[in-house]
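Heavy-atom basis, side chains included; hydrogens, waters and symmetry copies ignored. Chain letters run A, B, ... following the sequence lines, proteins first and then strands; every chain starts at 1. Quantities reported herein were computed from a predicted structural model and do not represent experimental measurements.
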Amino acid sequence: MTATARDLVHDAVTAGVLAASDALGWGDPARAAAVEIERPAEKAHGDYAANIAMRLAKPLRRPPLEIAKAIAERVPVRDGIASVDAAPPGFINVRLDPAWLARQVEVIVSEGDRFGRNDALNGRRFQVEFVSANPTGPVTVANARGGPIGDVLANVLAFSGADVQREYYINDAGTQLDVFGRSVAVRYLELGGKTGLVIPDDGYPADYVVDLARALRDKVGGAFDDQTPEELAPQFARAALDTVIEWHKATMRKFRIAFDSFYRETALMESGYFMKTIEALREAGHIEERDGAVWLKSRELGEDIDSVLIRSTGVPTYFGVDVAYHREALVDRGLDRKIDVWGANTHGHARRMKTAMTALGLEGRWVVVLYQFVRFLHEGVLVNMARRRGQFIRLDDVIDTVGVDAARWFFLMASADRTLDFDLELAVQQSNDNPVYYVQYAHARIASIFRTAAERGLRSEGADVALLTDDAELDLVRLLLRFPELVEEVRDKHNVHLFTGYGLELAGAFHGFYKGNRVVGDDEARSKARLRLVEAVALTLRQTLGLLGVSAPESM
RNA sequence: GCCCCCGUAGCUCAGUGGAUAGAGCGCAGGCCUCCGAAGCCUGAAGCAGCGGUUCGAGUCCGCUCGGGGGUACCA
């Protein structure tokens, strides 16, 4: 893997700091200071900038500009660096060598679909667990946001060398299943002609439950018509669950998400792993039995209250089972790290989980990415979603109306920290000018340029990229070189939405370039060079869209 | 009450403690004898408020106001 341009600058500036420190006797403060490299917003300030001089001003008791000058004149000017200057109030501005930039076009094209990858996570096993929608109903837009976020995160980790497993956790146990089963049974009996039955207040009156009941009746007929909803609940819950899980799988396929495993909560009970985990916690001294229940002594680990793992009825809590689930993944399945993508409503749960991981000595190996909710608007008015009553927007419907690309893009364009507003009517109306098409159009346009070139017998192979000397050309290269840096940032910070912003920026830069610069023209050598350049742009757009799970069309 | 996330242009959203805060949609205007006008160019328009830290704050801290979520022997 090639070092990023940022790494190159970082190393050079660090060498300059050390050289200046040795020459001027600055000592430890200078040697220990971390060199931060950023990209100036203003082009006049060069390609990269370091603020180290301003950070050293106080400890060294010298004017920042003086420090900057001392460092700047000692930064080795080689390996792609053209110049290093000090600028008020104390920035060190680094400019890349145009000839080196031009050569990167050839490097990028030769890397092909390896461009942007890194090996930071080589040999490490990751699991990303996401969506994991409740199996008592279809996947709604509420669960949907975790899909693209988790999927793209998994893509980026794999892009960084990790062995990544995408997992879907199925909560196929608990009291809600009982209630669900009873609701299905009521509908089943009603379809058989029985009257006077009621769906309980905490039940599921939604229409899809009728669909489930009808499917059951199609399969078994009236064989259970003489039983009560209570008697039928357990087996009906199980049967309906299997159907709903198939719905979920189909929805995920439609959303272009390929899970490696679907893990059932009940497996932890059946295997005895749940009790094994309780014993592990007990041995570590974190368990207390009180009022007939088994508690995790969270307070001793900094929480306000303790948490119940097993109720006084002997039934494990959701939290307790989830702790076992996490331990099983990290300890028994040999994963180095588990990343959960959860909705904001679980933040209390996430906090308790963190405590439990600490109790098990697994802290640091589990990370949660919380995403804020999607608010639903109907004709501009806020709508409360209620799954049980069937008042919700199905993810399937959204995908069917706006398309997978636009749907994924929508969920990926905003930071996970931010509440998203979603208006289906607006989404439909805007699907034709969705920003995703702006990016895809850039890719299709380049494909079209290649078709034109082919008609004229022009190929990009053998191009002399040294002919790329214009600012317009080199600015594109600068933007391409940001891609590997972005991959590293997303890998470390999990802020996957940055890829949509990058895609828009690169597409915009290309569209502007295209307008002002002819690629296939009269000058054959220059045409070949520019063809090579836009080939690198198309490749980078493909890499970006590929990570986002969005298609990169040749024409549209 | 306490805890978490958010408040940036009319709307939907970007923005790593840096040097003149961006995009899409919408709005006003301009650009196709020339590789795709799903495009390009120009313009109007913005950091909720108050204090603090810092050489430097949309970004960090505190408070106020506003929105969302949590706070169970629910999941």
Side-chain angles (χ1 to χ4, degrees), chain A residues 36-42 44-45 49 51 54-55 57-58 63-64 87-91 93 134 136 171 173-177 202 265 290-295 304-305 307-313 315-322 343-351 370-373 375 380 382 410 413-423 426-427 429-430 432-435 437-438 440-442 444-453 455-456 458 489 493 495 497-498 500-502 504-505 507-508 510-521 527 530-531 534 555-556:
Chain A
E36 295 170 3
I37 302 296
E38 62 197 21
R39 288 175 172 273
E42 194 63 33
H45 299 138
N51 63 3
M54 288 177 284
R55 294 185 163 281
K58 188 171 268 184
F91 287 105
N93 292 334
N134 230 300
T136 52
N171 307 129
T175 48
Q176 55 157 1
L177 257 298
D202 58 348
E265 179 182 350
R290 195 195 323 147
D291 306 330
V294 177
W295 301 72
D304 293 337
I305 52 170
S307 309
V308 174
L309 296 165
I310 305 176
R311 301 179 181 85
S312 52
T313 57
V315 178
T317 60
Y318 174 79
F319 171 65
V321 182
D322 214 22
N345 60 322
T346 64
H347 91 254
H349 181 71
R351 189 193 174 118
L370 288 181
Y371 59 88
Q372 296 301 309
F373 272 177
R375 299 197 307 162
L382 201 61
F410 174 81
M413 69 186 185
S415 161
D417 283 338
R418 194 185 173 104
T419 309
L420 266 185
D421 284 343
F422 188 92
D423 186 327
L426 201 64
Q429 179 206 320
Q430 291 187 347
N432 285 328
D433 44 36
N434 190 300
Y437 300 116
Y438 183 81
Q440 292 179 316
Y441 183 61
R445 231 179 184 180
I446 295 173
S448 174
I449 292 173
F450 267 84
R451 287 191 288 270
T452 301
E455 284 170 16
R456 304 190 190 177
L458 201 67
E489 180 178 350
K493 296 187 184 166
N495 40 4
H497 71 288
L498 294 182
T500 54
Y502 178 75
L504 287 171
E505 197 174 344
F510 167 73
H511 285 310
F513 174 81
Y514 175 87
K515 190 71 188 173
N517 303 274
R518 187 134 189 115
V519 176
V520 178
S527 296
R530 284 190 168 165
L531 207 51
V534 298
S555 65
M556 52 193 289

Is the phosphate of B:rG36 approached by A:Ser448 (side-chain N or O, under 4.0 Å from OP1 or OP2)?
yes

Between B:rC41 and A:Lys515, is there an OP1 or OP2 to side-chain N/O distance shorter than 4.0 Å?
no

Choosing from [options], which nucleotide comes nearest the side chain of [X]?
{"X": "A:Arg351", "options": "B:rG7, B:rC5, B:rC3", "value": "B:rC3"}
{"X": "A:Ser555", "options": "B:rG39, B:rC34, B:rG36", "value": "B:rG36"}
{"X": "A:Val519", "options": "B:rC35, B:rC40, B:rA37", "value": "B:rC35"}

Classify the angle between the aromatic ring planes of A:Phe319 and A:His349 as parallel (below 30°), tilted (30 to 60°) or perpendicular (above 60°).
perpendicular

Taking [atom1] from [X] and [atom2] from [N], how many angstroms apart are they, rounded to a whole number?
{"X": "A:Tyr438", "N": "B:rA14", "atom1": "OH", "atom2": "P", "answer": "19 Å"}
{"X": "A:Arg418", "N": "B:rG58", "atom1": "CZ", "atom2": "C1'", "answer": "12 Å"}
{"X": "A:Asn517", "N": "B:rC34", "atom1": "CG", "atom2": "P", "answer": "18 Å"}
{"X": "A:Glu505", "N": "B:rG24", "atom1": "CD", "atom2": "P", "answer": "12 Å"}

Nucleotide-resolved protein contact map, nucleotides 15-20 of chain B, B/S/- at heavy-atom distance under 4.0 Å:
SB-BBB

Quick one, give me the B/S/- string for nucleotides 70-75 of chain B, reading 5' to 3', where B means a protein heavy atom under 4.0 Å from the base and S means that only happens at the primed atoms, P, OP1 or OP2.
S--BSB

Who are the side-chain contact (heavy atoms from CB on, under 4.5 Å) partners of [X], not counting sequence neighbours?
{"X": "A:Phe450", "answer": "A:Ile446, A:Ser460, A:Leu531, A:Val534, A:Glu535"}
{"X": "A:Asp421", "answer": "A:Arg375, A:Leu377"}
{"X": "A:Ala344", "answer": "A:Gln372"}

Non-hydrogen side-chain atoms of A:Val520 and A:Ile449 separated by less than 4.5 Å:
yes

Minimum side-chain heavy-atom gap A:Met413-A:His497 below 4.5 Å
no

Between A:Arg518 and A:His511, name the one whose nearest nucleotide on RNA chain B is closer to the 5' end.
A:Arg518

Taking for each residue the nucleotide of RNA chain B bearing the nearest heavy atom, is the 5' side occupied by A:Gln372 or by A:Thr419?
A:Gln372

Ignoring hydrogens, what is the shortest heavy-atom contact between A:Arg451 and A:Ser555? Give both atom names and the distance.
NH2-CB, 4.0 Å

Please work out if A:Arg456 contacts a base, only the sugar-phosphate, or nothing of the nucleic acid, heavy-atom cut-off 4.0 Å.
nothing

Tell me what A:Ala442 touches on the nucleic acid: a base, only sugar-phosphate, or nothing, going by heavy atoms under 4.0 Å.
nothing

Is A:Tyr514 stacked on the base of B:rC35, with ring centres under 5.5 Å apart and planes under 30° apart?
yes

Donor on one side chain, acceptor on other, A:Asn51 and A:Glu38, under 3.5 Å
no

RNA chain B: stems of at least 3 consecutive Watson-Crick or G-U pairs, cut-off 3.5 Å?
B:1-7 with B:65-71, B:10-13 with B:22-25, B:27-31 with B:39-43, B:48-52 with B:60-64

